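Have a look at the structure below, then the notes.
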There are 2 protein chains.
Amino acid sequence: MSETEAILKRYKLRNTPFRQRVVEVFNIKPHSALSTSQIESLLGAHDRITLYRTLKSFEDKGLIHQVTDGKGESKFALCHDQCEVHRANKEHAHFHCEHCDTTYCLEDAGSLEIQLPDQYQVKSINLALTGVCADCQ
Amino acid sequence: MSETEAILKRYKLRNTPFRQRVVEVFNIKPHSALSTSQIESLLGAHDRITLYRTLKSFEDKGLIHQVTDGKGESKFALCHDQCEVHRANKEHAHFHCEHCDTTYCLEDAGSLEIQLPDQYQVKSINLALTGVCADCQ
DNA sequence: CTATATTTGCAACAACATTGCATTTAGCTC
DNA sequence: GAGCTAAATGCAATGTTGTTGCAAATATAG
């Protein structure tokens, strides 16, 4: 059994050729998040409807999670073993490189302290940095 | 000269009836950010294309800025005198109430410290909190 | 191998956004 | 205030992104 097949099985997802292709796309750039259009161009020829539903299944089963990069575009990233997104109330930082358009997951990268107006109840925190990554310097 | 007219003039924007209406929409809920669809419903009858171009002009001239609320939807907010968005490298926090869907600008609300991998160059920081605001408790 | 529920791929559709162009209008100069 | 010019407006056409319904194909369990 290939590693891709094992991943699908671990997340209780049916092992189809299309899903294998999608998982492999995520493995091209590990620890980074991909927009729908990036996924589409890495995939090659495919049916867009099937991709949307595949991403939804992946997210429902906990294989990927959604990320906002601070630029309004929503992206998807593989959940890793240390992925905290599916546990509650965990801040999760991302770095968006404006040069290569890659969004990196920064797990466990810092601390923050916020003073909120009284009575505001915080449920989740999204921290997105924008700049230039090491590869693009 | 009305206050709305004065605002347009200050940002070197032509003073048209349509632009006055858009500025007034932003003044309905000061210090909060509006999505395109929220703006559209507050505006009443209007031409959608003109609105898109108006928002672009407003942003180019520095009257409004774009905000991401951490939920993938992009919103617009008036820049205030203390608005730091158009100066460089300034963190800027927002609070998105998941109950009333309002996004508040939290200027000057806290501090954060992030450890980045070497050689990453940060240009801007976007911090979005999600939860329930005081009005909706 | 067979049964069954899931997945896939196509068609149609809906929401959101952009471009080009002709017309109108704001603001400047005289 | 009249005329000029560049900017703004409104309409048509088109593009992009995402959804829904349905019939055919297929992965997994028994």
Side-chain angles (χ1 to χ4, degrees), chain A residues 1-26 33-69 71-76 101 103, chain B residues 1-26 33-64 66-69 71-76 101:
Chain A
M1 178 160 48
S2 76
E3 196 192 338
T4 303
E5 279 180 71
I7 291 172
L8 288 171
K9 183 162 250 176
R10 181 163 0 123
Y11 286 92
K12 302 204 193 326
L13 287 158
R14 288 208 173 180
N15 175 33
T16 68
F18 186 82
R19 290 178 173 194
Q20 291 182 15
R21 284 168 63 200
V22 176
V23 170
E24 277 153 20
V25 162
F26 277 105
L34 302 172
S35 67
T36 310
S37 62
Q38 287 174 321
I39 296 169
E40 293 207 56
S41 54
L42 289 169
L43 255 189
H46 67 281
D47 182 69
R48 286 196 319 125
I49 295 94
T50 304
L51 176 60
Y52 288 134
R53 285 190 281 221
T54 300
L55 292 173
K56 183 165 191 325
S57 301
F58 281 14
E59 191 177 9
D60 289 346
K61 295 289 171 66
L63 173 55
I64 63 177
H65 60 266
Q66 248 178 305
V67 160
T68 51
D69 63 4
K71 286 282 167 289
E73 197 177 17
S74 140
K75 301 193 165 186
F76 297 92
D101 197 38
T103 298
Chain B
M1 176 159 51
S2 75
E3 197 192 337
T4 304
E5 279 180 71
I7 290 172
L8 288 170
K9 184 162 250 178
R10 183 165 354 125
Y11 286 93
K12 302 202 195 326
L13 287 158
R14 287 207 172 178
N15 174 34
T16 68
F18 186 82
R19 291 180 171 191
Q20 291 183 16
R21 285 168 62 201
V22 176
V23 170
E24 277 153 20
V25 162
F26 277 105
L34 302 173
S35 66
T36 310
S37 63
Q38 286 175 321
I39 296 168
E40 293 208 56
S41 54
L42 289 168
L43 256 187
H46 66 280
D47 181 70
R48 179 195 279 272
I49 293 93
T50 303
L51 176 59
Y52 289 137
R53 284 191 280 222
T54 299
L55 292 174
K56 182 163 192 325
S57 301
F58 281 15
E59 191 177 9
D60 289 347
K61 294 289 172 65
L63 173 55
I64 63 177
Q66 248 178 305
V67 160
T68 51
D69 61 6
K71 287 283 168 286
E73 196 177 18
S74 141
K75 302 193 164 185
F76 296 92
D101 197 38

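Numbers restart at 1 for each chain; the letters A, B, ... are given by sequence-line order, proteins then strands. Keep in mind that what you see is a predicted model, and the values were worked out from it rather than measured.
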**Request:** Please tell me which of the listed nucleotides, D:dT19, C:dG9, D:dA8, lies nearest to the side chain of A:T50?
**Result:** C:dG9
**Asked** A:T54 versus A:T16: any side-chain heavy-atom pair under 4.5 Å?
**Response** no
**Request:** Give a yes/no answer on whether the side chain of A:T36 brings an N or O atom under 4.0 Å of OP1 or OP2 in D:dT17.
**Result:** no
**Message:** Nearest whole Å is fine: how far is C:dT25 P from B:L8 CG?
**Reply:** 18 Å
**Fill in**
Atom NE2 of B:H46 and atom P of D:dC11 are separated, to the nearest Å, by 12 Å
**Complete:** The answer to which of A:L13 and B:L13 contacts DNA chain C further toward the 5' end, by nearest nucleotide, is A:L13
**Request:** Would you indicate whether the side-chain heavy atoms of B:K75 and B:D101 approach each other to under 4.5 Å?
**Result:** yes
**Prompt:** So, is A:R19 near the phosphate of C:dT7, with a side-chain N or O under 4.0 Å from OP1 or OP2?
**Reply:** yes
**Item:** Nearest listed nucleotide, side chain of A:I49, among D:dT17, C:dA11, D:dC11
**Value:** C:dA11
**Request:** Could you tell me whether the phosphate oxygens of D:dT9, OP1 or OP2, come under 4.0 Å of any side-chain nitrogen or oxygen in B:R53?
**Result:** no
**Message:** Does B:T54 reach a base, just sugar-phosphate, or nothing at all? Heavy atoms under 4.0 Å.
**Reply:** sugar-phosphate
**Asked** Does some side-chain heavy atom of A:F58 sit less than 4.5 Å from a side-chain heavy atom of A:Y11?
**Response** no
**Asked** Rounded to whole angstrom units, what separation is found between the CG atom of A:L51 and the P atom of C:dT7?
**Response** 14 Å
**Prompt:** When the distance from CG of A:D47 to C1' of C:dA12 is rounded to whole Å, what number comes out?
**Reply:** 14 Å
**Asked** Within the side chain of B:K61, is there an N or O that forms a donor-acceptor pair under 3.5 Å with the backbone of B:K12?
**Response** yes
**Prompt:** Can you tell if the side chain of B:L43 reaches within under 4.5 Å of the side chain of B:F18, non-hydrogen atoms only?
**Reply:** yes
**Message:** Tell me the interatomic distance from B:R21, atom CZ, to D:dA8, atom C1', rounded to whole angstroms.
**Reply:** 14 Å
**Prompt:** So what does B:N15 hit on the nucleic acid, given a heavy-atom distance under 4.0 Å: a base, only sugar-phosphate, or nothing?
**Reply:** sugar-phosphate
**Asked** Under 4.0 Å between a side-chain N or O of A:T16 and OP1 or OP2 of C:dT8?
**Response** yes
**Request:** Let me know the distance between CG of A:L55 and P of D:dT17, rounded to the nearest Å.
**Result:** 14 Å
**Prompt:** Nearest-Å distance, CD (A:Q20) to C1' (C:dT7)?
**Reply:** 14 Å
**Prompt:** Between atom OH in B:Y52 and atom C1' in D:dG10, what is the gap in whole Å?
**Reply:** 15 Å
